[in-house]
Trainee: 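This is the structure I have questions about; it appears just below.
All heavy atoms count here, side chains included; hydrogens, waters and symmetry mates do not. Below, read A as the first sequence line, B as the second, and so on, with proteins coming before strands; counting in each chain starts at 1. What you are looking at is a predicted structure, and each value in this text was computed from that prediction instead of being measured.
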There are 2 protein chains.
Amino acid sequence: MTADPRPGRATAQLAAPGAAPLAHRVPDLGALELLLAVARLGSLGRAARELGISQPAASGRIRAMERLLGVALVDRSPRGSRLTDAGALVTDWAGRVVEAAEAFDAGAQALRGRRDSRLRVAASMTIAEYLLPGWLVALRRARPDTAVSLLAGNSAAVAERLLAHEADLGFVEGTAVPEGLDSAVIGHDRLLVVAAPGHPWARRRGPIDPGELAGTALILREPGSGTRQVLDAGLAPYGGVAEPLLELASTTALKAAAVSGAGPCVLSELAVGEELAAHRLVKVPVEGVRLRRDLRAVWPVGTRPAGPARDLLSLTRGALE
Amino acid sequence: MTADPRPGRATAQLAAPGAAPLAHRVPDLGALELLLAVARLGSLGRAARELGISQPAASGRIRAMERLLGVALVDRSPRGSRLTDAGALVTDWAGRVVEAAEAFDAGAQALRGRRDSRLRVAASMTIAEYLLPGWLVALRRARPDTAVSLLAGNSAAVAERLLAHEADLGFVEGTAVPEGLDSAVIGHDRLLVVAAPGHPWARRRGPIDPGELAGTALILREPGSGTRQVLDAGLAPYGGVAEPLLELASTTALKAAAVSGAGPCVLSELAVGEELAAHRLVKVPVEGVRLRRDLRAVWPVGTRPAGPARDLLSLTRGALE
DNA sequence: CAGCGGTCATAAGTACAGGTTATGACCTCA
DNA sequence: TGAGGTCATAACCTGTACTTATGACCGCTG
């Protein structure tokens, strides 16, 4: 991924908010996990046992977390521990962090997976980034001993792996299905125009029209990337996209630039769920242009997905609109 | 928070998947933050400087993370570091964890907030749990030096604080606006029926009807809680809700029980976004009954929200459907 | 009432992860 | 060729989080 072309600028704004690194103000994952266990089991000792640590360790960790947050989290009594009101809130927030960490873990395990793993998945970047981790968490719950390996690349690479029998199931986005593959549409992905809440476009009343979009300098992925192709095609009738404001090579960099207020940006709705919910980015409605593509599961013609591949495929069905 | 009434059972299933605690398989928050900084800045040294640590520390941490994940994450070159393909994937997953941690931090800071803070917010549990952290992250970006304090309770408690001038802005869910308060609807919340993917209801073709829902033993919040009231009211024409399968006092416990397959469960759509996306729970369509309530911002009559309260209020507008 | 089984807290000792500074190797560019 | 950037290695330090051992408290039960 290319470095941000203007290192100092966008960066400073992003790094500003907390000053001190996040890690010093947020308990570590172990502590959050422990808190969830305490909430669920109603006892420090039992929670400790579940996580494989001693009771005093658990006691100390919770206390450290309470000191860090400056709030009592659990009411200790001689017959168990219950969450305080504040503890209930904190526990829910902790749950979201742990869920994200589980998705991370599921993805990481698949990434590390050896060549001889049971289920070998090849997926396009967008799907691998935003959808697969969730599916893998679900798959691991359903089939705990399925080892998955993951290879991420573009459509051509996915097709190549499948046809070489180096992957059992593939996922691609885009309009055309590569030669030699059967496919099933499992969902759709729309491109959104988003901007920081402070940007003029965020305050507009009505939607913008394609001509205006085409005439504005945007923050975009590099030409040739999936999202860029869809945008180019969609805006071709209106003169094509204008010279980009910035061209970045990763979705993360794109979002960081947009959040920092560099300008409006176009990317997959899958990539910005969190940012929209947290109101760090705002959706800008666009009228009269359909920026949308299919998400497909693919496999070599003839070989109906079976076993774990079939399980994973059925998980993805109906998971999306 | 009530402890899970059947400690061993539901627990074992939940704890099973990874065996080893998550924290040992996922890098800590500091490492994830560092990785994001490297991705953004294109250099280990610069990332280290941004986080206030030395360059060798950053180098070592990234290396430790690569060893943990078993994958090369960055390509080091004498003129900077770029992410590998795998690194780009991991960085995106890391971004989601860090985002969740930021929301946690924003909430925690507000919770700890002293009485004399600038903006004092009182909110109902559901809003405090699922929406406020995101808004606070956004608010901190817009107004970095606004200190916020948060008090969570039921509608009556929120009203009390506002009328006693111990809070500047409140958020409540439910149909009736407490006496003496002005309000603005900022969104809606629907109750969903959800079940584990393995549950029979998850495989149904058509929607279930209210009579069947009323006749089935469900996992519910305790009577008197906001979600329970809405459900009771909605199902009253059909004979009211059946004797619950389980009655739990926290949303987290509810979800844990449902995920573990104990049975279908009814809760706010706000609470299950993650679980639905990860396919750990499945939405069960219900026909002919409207389980929905308004989410409102409230303040004492006469006192139009001003200053930071006004900022926060405007953030919430249009953030939801 | 004594004693058992459960809770949590405290204390003392150890191990290691992550930090530091100092230094060196490598590349690029003026 | 030397200056300025990159990253890696080495030796050392420190604090955190763990361990085990113990004690205080509560409630149930014989």
Trainee: Between B:Ser59 and D:dC7, is there a side-chain N or O to OP1/OP2 distance below 4.0 Å?
Mentor: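 For D:dC7, OP1/OP2 do not have a side-chain N/O of B:Ser59 under 4.0 Å.
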Trainee: Kindly indicate, with the supporting measurements, whether the criterion side chain to side chain contact (heavy atoms under 4.5 Å, CB included) is fulfilled by A:Leu29 and B:Asp28.
Mentor: CA-CA 7 Å; A:Leu29 280 171; B:Asp28 62 63; over 6 Å; no
Trainee: CZ of B:Arg76 versus P of C:dC27: gap in Å, rounded?
Mentor: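 Nearest whole value for this atom pair: 16 Å.
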Trainee: Check the phosphate of D:dC7 against B:Ser43, side-chain N and O only, distance under 4.0 Å to OP1 or OP2. Yes or no?
Mentor: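 Yes, within the criterion.
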Trainee: Does the distance from a Lys or Arg side-chain N to an Asp or Glu carboxylate O, for A:Glu102 and A:Arg140, drop under 4.0 Å?
Mentor: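 Looking at A:Glu102 and A:Arg140, the cut-off is not met.
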Trainee: Using whole Å, report how far CG of B:Leu34 lies from C1' of C:dG18.
Mentor: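 In whole Å, C:dG18 C1' and B:Leu34 CG are 12 Å from each other.
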Trainee: Hey, what do you get for CG (B:Leu150) to CD1 (B:Ile127), rounding to the nearest 0.5 Å?
Mentor: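 One finds 11.0 Å between CG of B:Leu150 and CD1 of B:Ile127.
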Trainee: Let me know the distance between CD1 of B:Ile62 and P of C:dG18, rounded to the nearest Å.
Mentor: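 Those two atoms, CD1 and P, are 12 Å apart.
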Trainee: Under 3.5 Å, which protein N or O atoms sit close to an N or O of nucleotides 12-17 of chain D? Give each pair with its distance.
Mentor:
none

Trainee: With sequence neighbours left out, write down each residue that passes salt bridge (Lys or Arg N to Asp or Glu O under 4.0 Å) with B:Arg221, or none if nothing qualifies.
Mentor: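 Testing B:Arg221 for salt bridge (Lys or Arg N to Asp or Glu O under 4.0 Å), a comparison that skips the adjacent residues, returns none.
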Trainee: Would you say that A:Asp105 contacts B:Leu22 through its side chain, given a criterion of any heavy-atom pair below 4.5 Å between the two side chains?
Mentor: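 A side-chain contact under 4.5 Å exists here.
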Trainee: Enter the distance from A:Ile62:CD1 to A:Leu73:CG here, rounded to the nearest 0.5 Å.
Mentor: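 Taking CD1 in A:Ile62 and CG in A:Leu73, the distance rounds to 7.0 Å.
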Trainee: For nucleotides 25-30 of chain D, give me one character per nucleotide, 5' to 3': B if any protein heavy atom sits under 4.0 Å from the base, S if the only such contacts are to the sugar-phosphate, - if neither.
Mentor: -S----
Trainee: Is there a side chain to side chain contact (heavy atoms under 4.5 Å, CB included) between A:Leu69 and B:Phe104 once you walk through the steps?
Mentor: CA-CA 11 Å; A:Leu69 302 181; B:Phe104 182 106; 4.1 Å; yes
Trainee: Looking at B:Ser54, does any N or O in its side chain come under 4.0 Å of the phosphate oxygens OP1/OP2 on C:dG19?
Mentor: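 No, B:Ser54 has no side-chain N/O under 4.0 Å of OP1/OP2 on C:dG19.
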Trainee: What's the closest nucleotide to the side chain of B:Gln55 if the choices are C:dC8, D:dC7, D:dT20?
Mentor: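 When the side chain of B:Gln55 is considered, D:dC7 is the closest of C:dC8, D:dC7, D:dT20.
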Trainee: Measure from CZ on A:Arg82 to P on C:dC8 and round the result to the nearest Å.
Mentor: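 Atom-to-atom, A:Arg82 to C:dC8, this comes out as 13 Å.
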Trainee: Quick one: does B:Leu267's side chain get under 4.5 Å of B:Thr227's, heavy atoms only?
Mentor: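 Side chain of B:Leu267 against side chain of B:Thr227, heavy atoms only: no contact under 4.5 Å found.
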Trainee: Looking at C:dA9, C:dT7, D:dA8, which one has an atom nearest to any side-chain atom of A:Leu44?
Mentor: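 Shortest atom-to-atom distance from the side chain points to C:dA9.
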Trainee: Check whether any side-chain N or O of B:Ser81 sits under 4.0 Å from OP1 or OP2 of D:dT6, and answer yes or no.
Mentor: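 So the side-chain polar atoms of B:Ser81 never come under 4.0 Å of the phosphate oxygens OP1 or OP2 of D:dT6.
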Trainee: Where the side chain of A:Arg46 is defined as all heavy atoms beyond and including C-beta, which of C:dG19, C:dT7, C:dC8 is the nearest nucleotide?
Mentor: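 Out of C:dG19, C:dT7, C:dC8, the nucleotide with an atom closest to A:Arg46's side chain is C:dT7.
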Trainee: Give the rounded distance in Å between these two atoms: CZ of B:Arg63 and C1' of D:dA10.
Mentor: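 In whole Å, D:dA10 C1' and B:Arg63 CZ are 12 Å from each other.
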Trainee: If each of B:Pro56 and B:Arg49 is mapped to the nucleotide of DNA chain D with the nearest heavy atom, which maps nearer the 5' terminus, i.e. the 5' end?
Mentor: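 Of the two residues, B:Arg49 wins.
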Trainee: Hey, is B:Glu129 close enough to B:Lys255 for a salt bridge, meaning N to O under 4.0 Å?
Mentor: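 Between B:Lys255 and B:Glu129 there is no salt bridge, as every charged N stays at least 4.0 Å from the carboxylate O atoms.
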Trainee: Would you mind reading off the distance between A:Ile53 atom CD1 and C:dA15 atom P, rounded to a whole angstrom?
Mentor: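 Interatomic distance, CD1 of A:Ile53 to P of C:dA15: 19 Å.
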